[in-house]
Amino acid sequence: MRPSAPPGLLSTAWILVRKDLLLEWRSRARANALVFFALASVLLFSFALGPDTTFLRHAAGGTLWLAILLASVLALGESFRVEQENAALDGLRLAPADARALFLAKALANAVLLVLVGAVILPVLFALASVDAVLGLGRLAGVLVLGCLAIAAPGTVYAAIASHARSRDVLLPLLLFPLLIPAVVAAAKATSLVFEGDPMLQSGSWLGLLGAFNLVYWSLGFALFPRVVED
Amino acid sequence: MSVHLFLAAEVGRIQGGWSFVWAAYGVTWAALSLYALSLWLRRPKKES
Amino acid sequence: MLKKALIALTLLAIGLVVWAAWLGLAWAPPDREMGDVQRIMYVHVPAMEMSLLAMTLNFICCVAYLFRPRWSTDSLAEAFAEVGLFFGTYGLVLGSIWGKPTWNTYWTWDPRLTAMAIGLVSYAGYLALRRFVDDAERRAVWSAVVGIIIAVDVPIIYLSVRWWRSLHQVQSSPATVDPAMVHALRWNFVAFFVVFIVFVMARYAIARARREQEMTPPPLVLEAAR
């Protein structure tokens with residue numbers, strides 16, 4: 001009897017994504033914690049930046065992405081802690097699952113989680129900073145997705161590394177934040193333009209930067225992640 | 001009149017530059033020395 | 001033998017730095033517009049060039065390590081990262097000092113400066129990672145991965161002045177610059193390059209020795225084994 005061929009890269013990835021998202025949905029604890037943390041961050045920023053509503057409106061894009069960034073550190077750190085318990089990562093690797101599929105799955109699941117966090121923050125931000133999606137919700141959703149993908153790709157690689165190192169809670173942000181500066185700046189600027197209108201048509205260049213960032217770091221993550229988790 | 005024109009000709013140059021220059025070269029030499037010292041202090045010691 | 005070479009190179013480096021400093025401070029003419037402040041170029045530019053060189057060489061070592069894992073490659077990567085961080089940090093300070101009289105500010109978020117700041121923090125993170133991983137082989141693989149990821153910034157630092165409208169000057173070619181200045185700058189490059197080599201050699205030796213120490217079992221175990 002011939003053994004069945006191991007599933008292909010994309011189908012493996014898809015199975016793993018569904019597993020991670022299912023685990024998230026079943027417990028919901030992590031997602032809840034993330035959302036509350038992100039909301040608390042938004043409130044803190046609003047209070048710390050002061051009562052001037054004009055200023056808050058201008059700062060809304062940045063506030064959104066700072067909250068998502070801070071939440072991402074928690075999300076990314078947790079995504080590998082799950083595997084460390086019961087040595088689940090070894091189990092995954094022993095199964096004929098390509099490490100690259102694991103990367104795609106983890107990174108995608110993390111991105112989905114971050115998009116969710118962003119989607120919950122946005123209505124609160126609309127209210128607190130009295131902003132509106134002047135350029136449309138479609139554009140806003142696009143920026144949100146691109147930005148979260150940009151955070152998730154290198155974040156997943158670094159989270160895998162940091163989860164096995166000492167001082168992992170310090171190491172992950174230390175490595176990740178400088179790297180993400182261009183992506184966060186681009187996402188924040190693009191979001192601000194959605195909130196305030198874009199008379200000089202600058203969105204294109206910021207979205208282009210975000211797109212290029214995604215392209216580079218998804219490719220690098222895809223190529224390098226196997227070396228990170230191999231033994 | 002000509003005195004004013006003469007002064008105008010000098011305005012292109014930045015004044016008081018030397019303090020910045022000495023600061024820069026001072027930082028350079030201090031940095032080089034300190035790093036060299038750090039390398040010296042961390043040098044591999046042979047087992048006796 | 002290597003120690004003698006290092007001592008000789010160190011003396012050469014000191015001599016060259018003194019010679020190049022004299023050229024920059026006394027021999028070269030002041031700039032038509034910037035005056036004497038422009039002399040900072042002779043220390044700032046070589047520092048940045050050495051930093052970018054080190055970062056590039058670190059990238060090459062990281063790639064090489066993933067294809068052929070060798071302790072020498074890993075140690076060399078560590079040396080390049082630290083030396084690159086060193087030159088870049090004081091180079092950035094020098095640029096800041098130069099910025100005050102010329103741009104009227106110590107800092108600005110222009111593309112090149114931003115990219116350089118990101119780069120320096122990234123390499124500091126790289127070195128921190130190496131400090132926080134105890135398993136030598138994992139440390140080597142993971143820092144190679146991180147080194148490759150952060151190297152994406154290096155061409156951005158270099159090309160940012162060409163791609164975006166930047167406050168920082170575009171690279172000038174020798175054809176457009178006063179030959180005396182070119183001469184002084186070239187000698188400063190040579191001087192700081194020799195310094196670069198000395199520092200990399202010394203730092204490599206330190207890294208290599210640490211690897212050796214990690215690999216050899218402690219004396220008590222050796223005693224028991226005998």
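Keep in mind that this is a model prediction, so the values were computed, not measured.
- Residues Ala21(C) and Trp29(B) approach most closely at CB-CZ2, 3.8 Å, considering heavy atoms.
- Taking the six-membered ring where tryptophan is involved, the planes of Phe199(C) and Tyr35(B) are perpendicular, since the angle between them exceeds 60° and thus also 30°.
- In plain terms, the two heavy atoms of Leu39(B) and Ala202(C) that are nearest each other are CD1-CB, 4.1 Å.
- Looking at Arg210(C), the atoms closer than 4.5 Å to chain B (heavy atoms on both sides) all sit in the side chain, from C-beta outward.
- Heavy-atom minimum distance, Pro44(B) versus Ile206(C): CD-CG1, 4.0 Å.
- Neither the backbone nor the side chain of Val198(C) comes within less than 4.5 Å of any heavy atom in chain B.
- Within 6.0 Å of CG in Leu37(B) there are more than 12 heavy atoms belonging to other residues, nucleotides or ligands.
- At a 4.5 Å heavy-atom cutoff, the contact between Ile97(C) and chain B is made by backbone and side-chain atoms alike.
- Closest of all the heavy-atom pairs between Ala24(B) and Val43(C) is CB-CG2, 4.5 Å.
- In this structure, CZ in Phe86(C) is found 8.0 Å from CG in Leu34(B), a value given to the nearest 0.5 Å.
- Neither the backbone nor the side chain of Trp40(B) has a heavy atom closer than 4.5 Å to any heavy atom of chain C.
- Atom CG of Leu25(C) sits about 5.5 Å away from atom CH2 of Trp18(B), to the nearest 0.5 Å.
- In this structure, Phe189(C) places its CZ atom where more than 12 heavy-atom neighbours from other residues, nucleotides or ligands lie under 6.0 Å away.
- At a 4.5 Å heavy-atom cutoff, Ala30(B) makes no contact with chain C through either its backbone or its side chain.
- Atoms CH2 and CZ, from Trp22(B) and Arg39(C) in turn, are 10.0 Å apart once rounded to the nearest 0.5 Å.
- More than 12 heavy atoms of other residues, nucleotides or ligands shown are found within 6.0 angstrom of CD on Glu212(C).
- In this structure, CZ on Phe192(C) lies 5.5 Å from CG on Leu32(B), to the nearest 0.5 angstrom.
- Across Val21(B) and Val37(C), no two heavy atoms sit closer than the pair CG2-CA, 3.8 Å.
- Other residues, nucleotides and ligands contribute more than 12 heavy atoms inside 6.0 Å of the CZ atom of Arg43(B).
- The contact between Arg42(B) and chain C is made by backbone and side chain atoms together, counting heavy-atom distances below 4.5 Å.
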